[in-house]
Amino acid sequence: MEESRLKKLEKLREKGVNPYPYRFEISDFIGNVRSRFEREVPEGLKVKVRGKAKRVSRTEEGFMVRLSDEENVEILVFTREEGLRQGETYTFEGVLSRVEGKLSVVDAKLSEGDGESIRKIKARFDSDPEGEEVSLAGRLVSLRTMGKAIFGHIQDLTGRIQIYIRKDIVGDENFYFFNEIFDLGDIVGVKGKLFRTQTGELTVEVHSFELLSKCLHPLPEKWHGLKDVEVRYRQRYLDLIANPDSRRTFLLRSRLISELRRFLDERGFVEVETPVLQPIASGANAKPFITYHNYLEMNLYLRIAPELYLKRLIVGGFPRVYEIGKNFRNEGVDRTHNPEFTMVEFYVAYWDYRDLMEFTEELIVHLLKKVIGKLKINYGGKEIDFTPPFRRVKYFDLLKEKTGKDKEFFLRDLEGLRNLAKELEIPNYEKLTHAKLIDKVFERVAEEDLIQPTFVIDFPKLLSPLAKTHREDPDLVERFELIVATYEVANAYTELNDPMDQRERFLQQLREREMGDEEAMEMDEDFVRALEYGMPPTAGEGIGIDRLVMLLTDTDTIRDVILFPHMRPQ
RNA sequence: GAGCCGGUAGCUCAGUCGGUAGAGCAACGGCCUUUUAAGCCGUGGGUCCCGGGUUCGAUCCCCGGCCGGCUCACCA
């Protein structure tokens, strides 16, 4: 903790001021207030402005110029033009846009001639608050004291707004108190009326203020934010305070999950909760976390998937169910894997996997429209187009295209397959089971260049112990995976509802396990019994939420979309 | 688990071919009533990740450890 801040805390207590008061009445969130006076700028609106560069500063990818015209109205200009000098007069052409709420010209290029009046441009999108009274609270994130006046910004999740404190308005004593006590990072409540400064920024002229919580540590640097990835993950609150991108990502994640719920709810799905602690970890191929129940004196497993429970509910007469929740897999951690991750699984009675493909397209289109408002996204420098229908390609067609070998080869010629794996330099190729070999070869040759949304359909039965045998080919199952940017985003199938077949598949999994596949599934007798009571024809799907959020936020690290990713203790 | 890279002020970073360290922001003191990466003058601030070794001397070189990142392995 910082000594000077602790001293301020002492001073407050001496004055009888509680640095941690109980409540403060806000009239609205900051972003809502701003949006009432700041209209959305249509995308791609070109403007031309001319004025004097009051300041030129370097940004991560170019320069930011504060441009002031003859009427002394300012606008921010973001440009890549080199060699700009303070005090010179320039004309810029660029796209009008809001940066941190402020009207700005982005992608600006030097130009000739007169521009439009900056005041008029601003008047089209920024309206006069007409002295509206507000009561706002937030974290103090900037502070500029100017003798008898103070400017600063307070910030909440929805945005930031400038505050203006004048000695002749709040009185000598209060003004002195503010100067003496407040630090960057404190939570502050202010009451006052809205106006616009000369440069046009919406600002609260403060009539009264209150300390709502003292911050005892200095905040990360205002310009560079918090970069240290370790601190960003360990102290996510600091990341959220300092980095607007991070706030945006997690807000988007929340909105995506809300919209997902809404989409499913509106279509008659019932949201349910099934056990996280399970006596048998099944429903996927993965190593589970093991825990111990003292009272029952038995091991329990953290679920690797909710699948078998959700299908029991289909048997129980719930025709459409879904669950959004964490799965846990006791495996490596890397850019695309976290030991706990979020999935939605949903099941629909009377549908097959073809119905689900269309449904998945609808669902994804819905989410994209609601969350980012468009169907084309940029991911890792590539444009990805989610306009349906998505490409559909059969598993073995894709393999044949890439390797020249057909289904018969992959399913019947184990030795040939092993040689192929060797040629592809697949690690441990000599130890892998037949099923694993197919899977690995597929991943190596096929998944790598699936960038645009693609349904890979009709998987080999060996790889899919819970999927229904394909109606046209007993070697296959009716299953698809949706691959986007090489990530497996969704996995779905027509559910296996024949109890005899299911039992046989579990037995096959046990044989795989004996052959050294630690991730092969366990037998779940009660699940088979449930099927014996009759499960209607059903289709089911799982979608990885984390990876979907990664795609929509153009991040390549799963830890950037999980609020508190797993870290070793310090 | 393996290889490579990193850990320096609260934050972002620089630096020392081995002689115990700097900048900007933040902090502290002063000036400034429309500033906005405010500005101007001045001041303080460090277990250079931890432990050991080599050395007259280690933040720097060597060894070990901790934490993190990337790649690979594992993991649909």
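Note that the structure is a prediction, hence the values are computed from the model and not measured. Throughout, protein chains are lettered first and strands after them, A, B, ... in sequence-line order, and every chain is numbered starting at 1.
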Counterpart base for [N], defined by Watson-Crick or G-U wobble contacts under 3.5 Å:
N	result
A9(B)	none
A27(B)	U43(B)
C70(B)	G3(B)
U33(B)	none
C61(B)	G53(B)

Ranking R166(A) and L219(A) by the position along RNA chain B of their nearest nucleotide, the one closer to 5' is L219(A)

Taking for S464(A) and for L76(A) the nucleotide of RNA chain B with the nearest heavy atom, the one nearer the 5' end belongs to L76(A)

Taking atom [atom1] in both [N] and [M], compute the distance separating them and give it to the nearest angstrom.
N	M	atom1	result
A26(B)	A37(B)	C1'	13 Å
G39(B)	A58(B)	C1'	43 Å
U47(B)	U59(B)	C1'	11 Å
U34(B)	G69(B)	P	48 Å
G53(B)	C60(B)	C1'	15 Å
A38(B)	G24(B)	C1'	15 Å
U35(B)	G42(B)	C1'	23 Å
G3(B)	A9(B)	P	29 Å

For a quick check of understanding: with a heavy-atom distance under 4.0 Å over all strands, which category does [X] fall into, base, sugar-phosphate or nothing?
X	answer
T197(A)	base
F442(A)	nothing
T145(A)	base
G152(A)	nothing

Distance criterion of 3.5 Å, no angle test: do you see the side chain of Q162(A) paired donor-to-acceptor with the base of U35(B)?
yes

Whole-Å distance between [N] [atom2] and [X] [atom1]?
X	N	atom1	atom2	answer
H153(A)	C25(B)	NE2	C1'	17 Å
R196(A)	U35(B)	CZ	P	16 Å
K227(A)	G10(B)	NZ	P	19 Å
H217(A)	A26(B)	NE2	C1'	14 Å
E74(A)	A38(B)	CD	P	13 Å
F195(A)	U35(B)	CZ	P	11 Å
E443(A)	C75(B)	CD	P	9 Å
R144(A)	A37(B)	CZ	P	7 Å

- prompt: Hey, are R479(A) and S464(A) close enough side-chain-wise for a donor-acceptor pair under 3.5 Å?
  reply: yes

So salt bridge (Lys or Arg N to Asp or Glu O under 4.0 Å) across residues 420-438 of chain A, not counting sequence neighbours, yields K436(A)-E519(A)

Practice task
Dump the intermediate steps for ring-ring contact (aromatic ring centres under 6.0 Å, His included) on Y493(A) and Y353(A), then the final yes or no.
Solution key: CA-CA 5 Å; Y493(A) 27 88; Y353(A) 77 138; 9.6 Å; no

Taking U34(B), C25(B), A27(B) as options, the one with an atom nearest any side-chain atom of M146(A) is U34(B)

Worksheet item: Is the shortest side-chain N to carboxylate O distance from R166(A) to E205(A) below 4.0 Å?
Response: no

Checklist entry - In terms of the angle between their ring planes, are F182(A) and F178(A) parallel, tilted or perpendicular, with boundaries placed at 30° and 60°? => result parallel

Original post:
Mind checking whether Y164(A) and F151(A) have parallel, tilted or perpendicular rings, split at 30° and 60°?
Top reply: parallel

Residues P460(A) and L411(A): closest non-hydrogen pair is CB-CD2, 4.2 Å

Short side-chain N/O contact to A27(B) OP1/OP2 from K8(A), under 4.0 Å
no

Each nucleotide of nucleotides 66-74 of chain B classed B (base within 4.0 Å of a protein heavy atom), S (only sugar-phosphate) or -, in 5' to 3' order, makes -SSSSS-SB

Margin query: Under the criterion side-chain hydrogen bond (donor to acceptor under 3.5 Å, both in side chains), I'd like the reasoning laid out for T557(A) against T555(A): C-alpha separation, chi angles, the key distance, then a yes or no.
Written below: CA-CA 6 Å; T557(A) 306; T555(A) 49; over 6 Å; no

Residues pairing under ring-ring contact (aromatic ring centres under 6.0 Å, His included) where one sits in residues 429-451 of chain A, two or more places apart or in two chains, turn out to be Y395(A)-F442(A)

